[in-house]
Amino acid sequence: MSSLTSVEMNFLVFRYLQESGFTHAAFTLGYEAGINKSNIDGNMVPPGALVKFVQKGLQYMEMEANLTNGEMETEEDFSFFQPLDLISKDVKELQDMLRERKRKERDKEKEKDKSKENDREVEGERSRLREKDRHEKLKEREKEREREKMERDKEREREKMERDKEREREKMERETFERERERMKLERERETEREREREKMEKEKAQEKQVGDGDRDMVIDQSDKANAGDEDHARSSAAEPMDITMTPASMPSHIPSSDVRILEGHTSEVCACAWSPSASLLASGSGDTTARIWNIPEGPLKSGRTINALILKHAKGKSNEKSKDVTTLDWNGEGTLLATGSCDGQARIWTTNGDLISTLSKHKGPIFSLKWNKKGDYLLTGSVDRTAVVWDVKAEEWKQQFEFHTGPTLDVDWRNNVSFATSSTDTFIYLCKIGETRPVKVFAGHQGEVNCVKWDPTGTLLASCSDDSTAKIWNIKQHNFVHDLRDHTKEIYTIRWSPTGPGTNNPNKQLTLASASFDSTVKLWDAELGKMICSLNGHRDAVYSLAFSPNGEYIASGSVDKSIHIWSLKEGKVVKTYTGEGGIFEVCWNKEGNKLAACFADNSVCVLDFRM
């Protein structure tokens with residue numbers, strides 16, 4: 001008899017979680033177990049396979065306990081045990097229980113066998129009982145077949161309805177695509193018309209330049225008027241959001257291999273990366289149970305120069321302990337300490353030399369998010385166990401645990417040194433403060449899991465994004481959202497505020513919110529008006545990560561389509577692009593804004609030189 005492999009068992013559990021509606025748990029298991037890499041044909045696995053498999057296992061143990069008992073005849077009726085007995089006891093214990101039961105039955109039979117007449121009567125009664133039991137079992141099996149037939153009919157009806165819905169969705173998508181194609185066609189025609197106008201104006205300007213000195217003042221005046229008209233046109237057109245799509249005429253330049261360094265060493269997908277705010281150090285966290293600190297040389301990358309890495313091991317000896325996967329990491333404000341969170345529910349704090357100085361244990365599930373406060377005395381963690389914990393770093397102990405959510409905590413973000421926001425699969429956002437036993441404020445409005453929360457640079461506005469395909473902007477002074485951003489068509493995975501506006505190093509520039517979605521687009525929003533500024537349409541698959549450059553002039557996006565795009569917000573187009581060998585989980589800029597790092601699903605970390 002062939003045995004069940006761990007890959008097959010993982011697939012059965014993955015399907016069970018999907019069918020039971022545990023979408024997030026199914027995603028996590030599928031990602032960690034590499035379900036998409038297995039060669040199992042999901043179409044060959046029927047619904048409810050895991051439950052049926054367990055039921056058949058119990059039946060097998062029951063039959064084994066009855067049929068392998070040497071002291072009983074095989075024609076005797078089976079004695080069925082309780083499911084708990086079958087799970088908790090081995091075959092020998094079950095056989096002993098069966099022998100004891102049979103022994104007691106034989107003792108009773110001896111009492112009844114005092115006379116031959118009684119024996120005949122008892123045997124006749126047994127025959128009648130067996131016949132009755134047989135008829136009852138036949139009836140029960142017939143009822144069970146009828147129930148199964150009804151279930152199959154219902155399942156077929158549900159599948160038919162799903163197919164009809166899917167066809168309807170495909171029809172709507174085709175119609176949407178046709179409308180979008182028509183809109184793009186009109187936009188190209190308008191762009192062609194504008195190009196002709198520009199060429200015409202250029203010719204007129206060239207002719208004006210040939211006019212003598214006597215007419216020069218008049219030419220300048222006309223040029224000023226023309227420029228003023230262009231500015232008026234630009235202001236009027238800026239009120240409408242733009243769709244920015246890469247076209248053959250505006251294709252970006254690919255970053256050459258001389259400006260790229262691939263950092264190899266991880267043996268599993270790299271989930272997180274972050275630059276130190278004070279040095280040229282890059283941290284990465286992976287599913288291989290390690291984090292690494294890479295010492296990246298300053299200045300242009302050179303292929304011949306060795307890049308060394310410190311390995312921060314989260315598992316002792318064994319490198320395949322999935323419970324030790326590093327899921328998130330964050331540097332403190334001074335860049336002297338690195339905090340990591342992993343699937344074992346522990347947060348760890350490391351020095352830049354790779355020394356482990358603290359292991360923080362309180363959570364009962366994997367840590368999905370982790371942030372230092374600005375002062376650097378508290379560390380905040382959010383876990384699948386539905387709680388958030390504030391840690392006193394100096395005392396190396398937990399200061400307060402916040403148990404408000406009814407689902408896994410997906411993200412946390414500090415507002416200031418003592419208050420913060422948390423988001424969860426339960427659709428709620430809680431504003432919490434150290435020392436308070438109840439939430440300071442509750443934000444309710446999303447209809448799906450809230451994947452990410454981020455405070456703006458002043459700590460006044462909170463942005464959130466959700467599986468309900470919306471992003472929302474909340475004000476600390478109000479209970480309801482102030483802006484509902486609904487232009488995405490699929491789940492929004494992450495959001496980022498631009499490093500511009502009040503409270504930043506670029507106070508004279510407009511504050512902007514960026515959102516990345518599974519609909520393969522990045523959208524920029526006016527935070528004050530709650531209107532979409534533009535949609536960046538360059539990726540071919542879900543976009544998982546975003547990062548603004550420190551000066552706020554560029555934004556980098558990383559996608560499952562294996563590509564990184566660097567967009568110029570001033571020019572409204574992709575200026576640089578790079579394609580790797582795996583999907584991209586995170587992108588981040590160094591403090592100078594001249595290097596961009598990304599972590600990939602193919603176990604690699606990539607550092608790009610960015611020069612314009």
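Computed from a prediction, not measured in an experiment: that's the story for all the values here. Just so you know, residue 1 is the first one in the sequence shown, and it goes up from there.
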Evaluate salt bridge (charged side-chain N to carboxylate O under 4.0 Å, His left out) for K149 paired with E146, printing each intermediate quantity in order.
CA-CA 5 Å; K149 182 176 181 298; E146 187 65 26; 5.5 Å; no
Stepwise, does the ring pair (Phe, Tyr, Trp, His ring centres under 6.0 Å) test hold for F420 with F402?
CA-CA 11 Å; F420 57 90; F402 298 82; 5.1 Å; yes
Does D133 form a salt bridge (charged side-chain N to carboxylate O under 4.0 Å, His left out) with R130? I'd like the steps, not just the answer.
CA-CA 5 Å; D133 187 53; R130 281 198 293 269; over 6 Å; no
Working note: R103 + E100, criterion side-chain contact (heavy atoms from CB on, under 4.5 Å); need CA distance, chi angles, decisive distance, verdict.
CA-CA 5 Å; R103 184 186 65 76; E100 180 64 20; 2.6 Å; yes
Stepwise salt bridge (charged side-chain N to carboxylate O under 4.0 Å, His left out) test for E140 and R147
CA-CA 10 Å; E140 187 62 32; R147 282 196 296 269; 3.5 Å; yes
Quick one: do S559 and Y544 satisfy side-chain contact (heavy atoms from CB on, under 4.5 Å)? Show the steps, please.
CA-CA 6 Å; S559 166; Y544 270 3; over 6 Å; no
Go through the steps to decide whether T579 and S563 satisfy the test side-chain contact (heavy atoms from CB on, under 4.5 Å), and finish with yes or no.
CA-CA 4 Å; T579 302; S563 67; 3.9 Å; yes
Please determine whether side-chain hydrogen bond (donor to acceptor under 3.5 Å, both in side chains) holds for the pair H266 and N603, giving the CA-CA distance in whole Å, both sets of side-chain angles, and the decisive distance to 0.1 Å.
CA-CA 5 Å; H266 284 297; N603 312 345; over 6 Å; no
I'd like to know whether H446 forms a side-chain contact (heavy atoms from CB on, under 4.5 Å) with T470, so could you lay out the CA-CA distance, the side-chain angles of the two residues, the decisive distance to 0.1 Å, and finally the verdict.
CA-CA 8 Å; H446 281 295; T470 73; 3.4 Å; yes
Working note: R134 + E131, criterion salt bridge (charged side-chain N to carboxylate O under 4.0 Å, His left out); need CA distance, chi angles, decisive distance, verdict.
CA-CA 5 Å; R134 189 175 66 83; E131 187 64 21; 2.5 Å; yes
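Annotation: the span from T289 atom OG1 to D325 atom CG amounts to 7.5 Å, rounded to 0.5 Å. One finds the NE2 atom of H488 at 5.5 Å from the CG atom of D519 (value rounded to the nearest 0.5 Å). Atom CD1 of I584 sits about 7.0 Å away from atom CG of D561, to the nearest 0.5 Å. Rounded to the nearest 0.5 angstrom, F27 CZ and E449 CD are separated by 10.5 Å. With rounding to the nearest 0.5 angstrom, the CD1 atom of I495 is 5.5 Å from the CG atom of L513. With rounding to the nearest 0.5 Å, the separation of OG1 in T489 from CZ in F518 is 12.0 Å.
By the 6.0 Å contact criterion, CZ on R386 is open, its count of non-hydrogen atoms from other residues, nucleotides or ligands being 12 or less. For NZ of K399, the number of neighbouring non-hydrogen atoms (other residues, nucleotides, ligands) closer than 6.0 Å is 12 at most. When the shell of 6.0 Å around CZ of F11 is examined, it contains more than 12 heavy atoms from other residues, nucleotides or ligands. Other residues, nucleotides and ligands contribute at most 12 non-hydrogen atoms within 6.0 Å of the CZ atom of R486.
For the pair A272 and L329, the tightest heavy-atom approach, listed with the atom from each and the gap, is CB-CG, 4.1 Å. Across all non-hydrogen atoms, the minimal contact from W474 to S464 is NE1-OG, 2.9 Å. For the residue pair W398 and K362, the shortest heavy atom distance occurs at CZ2-NZ, 3.4 Å. The minimum heavy-atom distance linking A421 with L431 is given by the pair CB-CD1, 4.2 Å. Annotation for A347 and T381: closest pair CB-CG2, 4.1 Å, computed over non-hydrogen atoms. Between R540 and S520, the closest heavy-atom pair is C-CB, 4.1 Å.
Here F428 and H405 keep their ring centres 6.0 angstrom or further from each other. In this structure, the ring of Y31 has its center less than 6.0 angstrom from the ring center of F585.
In this structure, I473 and L485 have side chains that are in contact, with non-hydrogen atoms separated by less than 4.5 Å. Residues L462 and V453 form a side-chain contact, since some pair of their non-hydrogen atoms from C-beta on lies under 4.5 Å apart. Between S557 and H539 there is a side-chain heavy-atom pair separated by less than 4.5 Å. The closest side-chain heavy-atom distance from I429 to T422 is not below 4.5 Å. Side-chain contact between K472 and F443 is absent, with no heavy-atom pair separated by less than 4.5 Å. Using a 4.5 Å heavy-atom threshold, the side chains of I492 and N451 count as separate. No side-chain heavy atom of E142 sits less than 4.5 Å from a side-chain heavy atom of L138. Two residues are said to be in side-chain contact when any heavy atoms from C-beta on lie closer than 4.5 Å; V587 and S545 meet this criterion.
A donor-acceptor contact shorter than 3.5 Å links the side chain of D413 to the backbone of W455. A donor-acceptor pair under 3.5 Å links the side-chain atoms of Q400 to the main chain of E436, judged by distance alone. Judged by distance alone, the side chain of S423 and the main-chain N or O of V450 form a donor-acceptor pair under 3.5 Å. In this structure, the side chain of D411 does not engage the main chain of C452 through any donor-acceptor pair within 3.5 Å. Between the side chain of E586 and the main chain of C273, a donor-acceptor pair closer than 3.5 Å is present. Between the side chain of T328 and the backbone N or O of G341 there is no donor-acceptor pair closer than 3.5 Å. W414 contributes a side-chain N or O that, together with a main-chain N or O of K371, makes up a donor-acceptor pair within less than 3.5 Å. In terms of modelled atom types and a separation under 3.5 Å, the side chain of D468 and the main chain of E491 share no donor-acceptor contact. Of the possible polar contacts, one joining the D426 side chain to the T406 backbone as a donor-acceptor pair under 3.5 Å is found. Side chain of E8 to main chain of T5: a donor-acceptor pair is present (N/O by atom type, distance under 3.5 Å, no hydrogens or angles).
For S469, there are no side chain to side chain donor-acceptor pair (under 3.5 Å) partners, not counting sequence neighbours. Every residue two or more places apart in sequence or in another chain that forms a side chain to side chain contact (heavy atoms under 4.5 Å, CB included) with D385 is listed here: H363, K364, S383, T387, Q401.
Side-chain contact annotation: S535 with K523, donor-acceptor N/O pair under 3.5 Å present. For the 3.5 Å distance criterion, the side chains of T290 and H314 fail to qualify, holding no donor opposite an acceptor.
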Tabulate below the donor-acceptor pairs under 3.5 Å that side-chain atoms of residues 36-45 make, not counting sequence neighbours, or state none.
unit_1 : atom_1 : unit_2 : atom_2 : d
S38    : OG     : I35    : O      : 2.7
D41    : OD1    : N43    : N      : 3.1

